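Everything numeric here is computed off the predicted structure, so don't read it as measured data. Heavy atoms only: backbone and side chains are in, while hydrogens, waters and symmetry mates are out. Residue numbers begin at 1 in each chain, while the letters A, B, ... track the order of the sequences.
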There are 2 protein chains.
Amino acid sequence: MPAEAKVDKVAKVDASTPRSDSPPLTERQEARRRRILHASAQLASRGGFDAVQMREVAESSQVALGTLYRYFPSKIHLLVATMQDQLEHMHGTLRKKPPAGETAAERVAQTLMRAFRALQREPHLADAMVRALTFADRSVSPEVDQVSRQTTVIILDAMGLENPTPEQLSAVRVIEHTWHSALITWLSGRASIAQVKIDIETVCRLIDLTDPANDSRV
Amino acid sequence: MPAEAKVDKVAKVDASTPRSDSPPLTERQEARRRRILHASAQLASRGGFDAVQMREVAESSQVALGTLYRYFPSKIHLLVATMQDQLEHMHGTLRKKPPAGETAAERVAQTLMRAFRALQREPHLADAMVRALTFADRSVSPEVDQVSRQTTVIILDAMGLENPTPEQLSAVRVIEHTWHSALITWLSGRASIAQVKIDIETVCRLIDLTDPANDSRV
DNA sequence: CGCTAATCTAGAACAAGTTTCAGACTTGAT
DNA sequence: ATCAAGTCTGAAACTTGTTCTAGATTAGCG
């Protein structure tokens, strides 16, 4: 007994973000996908990684378990997709108020701290997403990579660079490493918020170090 | 039908490393613990995180499942303990041939690359240990922290410092973050060995930046 | 030695992620 | 409007981490 049984004429509609390649989704499919992601985020916000139980997600989003698995082949895939989703929001939000620091390093640090504060508002959700991200194995690489690219864009945005040098890209990579790992230590209660702040500010100094403008190499 | 049924007179023997506090272990308990860790590492070496199945570990180490859980309250605890174990070896090995670089940054990078090469020899084992480490939740914090401290010691060793400044400690923290995260990207196939090398070298530049000797701040 | 508490064992039971399957529903094309 | 192919559903089954239990075994002590 299908819970939904109405029209769906045109099909092939694709909402905002064209989910990479793969066959485009029907309106109702897009809606299902959205319901699932919403349920996922909601459950995650409550109890973090463990609270996102596939059966519950399926139920909350009014979808059969098998269908859930057709959309997201594993819990990790689901949570990483949830992260992609949240990252888009975040990027939009961050864009609105560009960071005001003098140097690129300051602006990046400021941006990351802003993102960090957003995560602090939903620590459980952050837990679920970050744990999924670092636990992901090779089968999730494309999706994780996408998240990584998105993060890179955010950081480069904050730096305000058109065409960064390879050195600067390396610095950005290291910043991302630090960002992820620092989040984990915070989430697992091994580092304070203050400590995370220090770590971020510390690593951001690398940016100045690689800025062609002030070439004061060591 | 107990597989072991021999003597164990004296008890209270504690082998090499006094496992923190907690009641000291009997000889046979110490032996069990060792068998378990050995089985864990062995299974991990084969198939990584997934191949370390609690039932298999129990069987391989000739211990009942319940006993395994008494020694290590979860799979994550077990793998983190396995990592502690391996880290000790590693530290011992690294100690023998101190790095030869000119600057502290070079020495640290060299040491980490040496450790990295060791991990490359047992990529599956590395996978199991690193995934466990980053997936660990609050209940494993003490153990994870211990691993972190041990890593810090190794890095400070490589730097050759007696009393590092707070700034230098921050740099070391960031280096550890980068080290862990870079390992993860490598393990999940999202970064090449060369890329990891670059990231490590990049982050190690932070050390020079915080070296009171050459005070060429930006 | 003989006793009591702690530990260990085998095995069942439970929980949550994942897979599978038969049958109903949709879709896209004719 | 109709049909083949692809989707979705509900439910059961399977896997592996974790917990629980009753009954042996072992450790430490008087």
Side-chain angles (χ1 to χ4, degrees), chain A residues 1-13 22-33 35-36 40 43 47-79 128 131-132 135-137 139-140, chain B residues 1-14 22-33 35-36 40 43 47-59 61-79 128 131-132 135-137 139-140:
Chain A
M1 43 207 75
E4 17 169 344
K6 298 297 169 302
V7 281
D8 197 2
K9 300 287 172 58
V10 211
K12 289 219 173 178
V13 183
S22 57
L25 299 182
T26 278
E27 230 173 53
R28 291 172 47 189
Q29 288 178 318
E30 192 57 49
R32 270 189 210 105
R33 185 169 194 286
R35 286 206 305 278
I36 294 173
S40 168
L43 287 170
F49 188 89
D50 294 329
V52 181
Q53 302 195 351
M54 299 305 268
R55 282 173 244 258
E56 292 225 2
V57 173
E59 190 172 355
S60 295
S61 49
Q62 310 240 259
V63 139
L65 192 54
T67 305
L68 171 53
Y69 272 95
R70 173 186 278 273
Y71 281 70
F72 303 97
S74 78
K75 174 171 174 171
I76 299 292
H77 280 87
L78 171 57
L79 285 173
R131 297 265 290 286
F135 192 62
D137 65 1
S139 71
V140 205
Chain B
M1 44 206 77
E4 17 168 340
K6 296 297 168 303
V7 280
D8 196 4
K9 300 289 173 60
V10 211
K12 292 221 170 174
V13 185
D14 173 292
S22 58
L25 300 181
T26 277
E27 227 172 55
R28 290 172 49 189
Q29 289 178 317
E30 192 56 49
R32 271 189 210 105
R33 184 168 194 288
R35 286 205 303 279
I36 293 174
S40 168
L43 287 170
F49 188 88
D50 293 331
V52 180
Q53 303 194 351
M54 299 305 268
R55 282 173 243 261
E56 292 226 2
V57 173
E59 189 171 358
S61 49
Q62 309 242 261
V63 140
L65 192 53
T67 305
L68 171 52
Y69 272 94
R70 172 187 279 272
Y71 280 70
F72 303 96
S74 78
K75 175 170 173 173
I76 299 292
H77 280 86
L78 171 57
L79 285 173
R131 298 264 290 287
F135 192 62
D137 66 1
S139 72
V140 205

(Q) Can you measure B:Glu59 atom CD to C:dC8 atom C1' for me and round it to whole angstrom units? (A) 17 Å
**Q.** Whole-Å gap separating C1' (C:dT9) and CD1 (B:Ile36)
**A.** 13 Å
Q) If you check every side-chain atom of B:Tyr69, which of D:dG10, C:dC8, D:dG17 has the closest atom? A) D:dG17
Q | Candidates C:dA10, C:dA16, C:dT18 - which lies nearest the side chain of A:Ser74 | A | C:dT18
Q.
What I'd like to find out is whether the side chain of B:Arg33 reaches to under 4.5 Å of the side chain of B:Phe72, using heavy atoms alone.
A. yes
Q) More 5' along DNA chain C: A:Gly66 or A:Met54, using each one's nearest nucleotide? A) A:Met54
Q. Are any non-hydrogen side-chain atoms of A:Phe49 and A:Ile76 less than 4.5 angstrom apart?
A. yes
Q) Within this structure, what is the CG-to-P distance between B:Leu68 and D:dC20, rounded to whole angstrom? A) 16 Å
Q. What integer distance in Å separates B:Phe72:CZ from D:dT18:P?
A. 13 Å
Q: Have a look at A:Val52 and say if it touches a base, only the backbone sugar-phosphate, or nothing, with a 4.0 Å heavy-atom cut-off.
A: sugar-phosphate
Q: To the nearest Å, give me how far apart CD (A:Glu56) and P (C:dA16) are.
A: 9 Å
Q. Side chain of A:Gln53: nearest nucleotide among C:dG17, D:dT16, C:dT9?
A. C:dG17
(Q) Check this for me: does the side-chain of B:Arg55 come within 3.5 Å of the base of D:dT15 through a donor and an acceptor? (A) no
Q. Could you give the distance from CD (B:Gln62) to OG1 (B:Thr67), rounded to the nearest 0.5 Å?
A. 12.0 Å
Q: May I ask you to verify if any side-chain N or O of A:Tyr71 is less than 4.0 angstrom from the OP1 or OP2 atom of D:dC8?
A: yes
**Q.** Between C:dG17 (P) and A:Leu79 (CG): distance, integer Å
**A.** 10 Å
(Q) Could you measure the distance from the NE2 atom of A:His77 to the CG atom of A:Leu68? Nearest 0.5 Å is fine. (A) 12.5 Å
Q) What's the CZ-P distance between A:Phe49 and C:dA15, to the nearest Å? A) 19 Å
(Q) Check this one for me: any side-chain N or O of B:Gln29 less than 4.0 Å away from OP1 or OP2 of D:dA27? (A) no
Report, one pair per line, the protein and nucleotides 1-6 of chain C atoms (nitrogen or oxygen only) whose separation is under 3.5 Å.
none

**Q.** Candidates D:dG17, C:dT18, D:dG10 - which lies nearest the side chain of A:Leu65
**A.** C:dT18
Q: Go through D:dT9, C:dG17, D:dT18 for me and flag the one nearest to the B:Lys75 side chain.
A: D:dT18
Q. If you take all heavy atoms of A:Ala58 and A:Ala64, which pair is closest and at what distance?
A. CB-C, 4.3 Å
Q.
Quick check: do B:Leu79 and B:Arg131 have side-chain heavy atoms less than 4.5 Å from each other?
A. no
**Q.** Flag side-chain contact, heavy atom, 4.5 Å: A:Arg32 against A:Arg35
**A.** yes
Q | Value in whole Å for how far the P atom of C:dT26 lies from CZ of A:Arg28 | A | 5 Å
**Q.** side-chain contact (heavy atoms from CB on, under 4.5 Å) partner of A:Leu65, the single match among A:Met54, A:Glu59, A:Arg70
**A.** A:Met54
